[in-house]
Amino acid sequence: MVSVPKVVGVMLYGCVLGLGLYLNGSHTIKGEVLRVEPNSYFVQQYDGDQVSVHADDTTQVTGNIHTGDHIEAKVNAQSHALSIRQAQ
């Protein structure tokens, strides 16, 4: 059986992590890549909205992202990509 303090600790950690991401203004964009430029990805989200995502050397990109790929991008409030990966 798992101890109550351990369960409470894990739940508290999750809440603190979620609050940190919320206050940081980061959110996830999911959709299809329409166009790739040297520092930008243009994505059509699944709700139909089109957005551009700025990427640079600090962006963690997993794999090679091409036009037509379905991606998940974690971006900050300024639309700067913190990470980009192909969607599962």
Side-chain angles (χ1 to χ4, degrees):
M1 183 170 190
V2 179
S3 68
V4 172
K6 189 176 280 189
V7 171
V8 171
V10 169
M11 291 176 65
L12 183 60
Y13 176 77
C15 291
V16 170
L17 179 62
L19 179 61
L21 290 174
Y22 174 76
L23 293 176
N24 188 20
S26 66
H27 62 283
T28 302
I29 292 175
K30 297 179 182 182
E32 181 180 351
V33 177
L34 300 174
R35 189 170 80 235
V36 178
E37 292 184 358
N39 290 323
S40 296
Y41 294 85
F42 296 86
V43 179
Q44 178 152 2
Q45 298 182 103
Y46 295 131
D47 65 3
D49 290 341
Q50 292 184 11
V51 296
S52 63
V53 176
H54 175 73
D56 60 19
D57 292 336
T58 65
T59 304
Q60 179 183 359
V61 180
T62 304
N64 293 320
I65 308 296
H66 303 286
T67 300
D69 288 346
H70 291 263
I71 65 163
E72 294 180 6
K74 186 165 297 263
V75 299
N76 65 16
Q78 293 77 34
S79 294
H80 177 268
L82 306 173
S83 65
I84 302 174
R85 67 181 182 93
Q86 288 189 349
Q88 302 286 348

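As a basis for the values below, the full set of heavy atoms in this structure was taken, side chains included, without hydrogen atoms, waters or symmetry mates. In this text the structure is predicted, and so the values were computed from the model without any measurement.
- Heavy atoms from other residues, nucleotides or ligands lying under 6.0 Å from CG of D47 number more than 12.
- Environment of CD in Q44: crowded, with over 12 heavy atoms of neighbouring residues, nucleotides or ligands closer than 6.0 Å.
- Taking both residues in full, the closest heavy atoms of V53 and A81 are given as CG1-CB, 3.4 Å, listed atom of the first, atom of the second, then distance.
- Taking each heavy atom of S52 and S79 in turn, the nearest pair found is O-CB, 3.9 Å.
- At a threshold of 4.5 Å between non-hydrogen side-chain atoms, the residues I65 and Q86 count as touching.
- Distance check, rounded to the nearest 0.5 Å: OG1 of T67 to CG of L34 gives 8.0 Å.
- The cluster map of Ile, Leu, Val, Met, Phe, Trp and Tyr, joined by side-chain heavy atoms under 4.5 Å apart, puts V36 and V43 in the same cluster.
- The shortest side-chain heavy-atom distance between D56 and H80 falls under the 4.5 Å cut-off.
- Here the side chains of R85 and I71 are not in contact, with every heavy-atom distance at 4.5 Å or above.
- With contacts defined as side-chain heavy-atom distances shorter than 4.5 Å, the pair H66/N64 qualifies.
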>> side chain to side chain contact (heavy atoms under 4.5 Å, CB included) for E32 and D69? Distances and angles first, verdict last.
In response: CA-CA 6 Å; E32 181 180 351; D69 288 346; over 6 Å; no
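- Counting heavy atoms from C-beta outward, Y41 and H54 have side chains that stay 4.5 Å or more apart.
- V51 has its side chain within reach of I29: a pair of non-hydrogen atoms, C-beta onward, lies under 4.5 Å apart.
- With hydrogens and angles disregarded, no donor-acceptor distance shorter than 3.5 Å links the side chain of T59 to the backbone of S83.
- In this structure, K74 does not pair ionically with E72, as no charged nitrogen and carboxylate oxygen lie closer than 4.0 Å.
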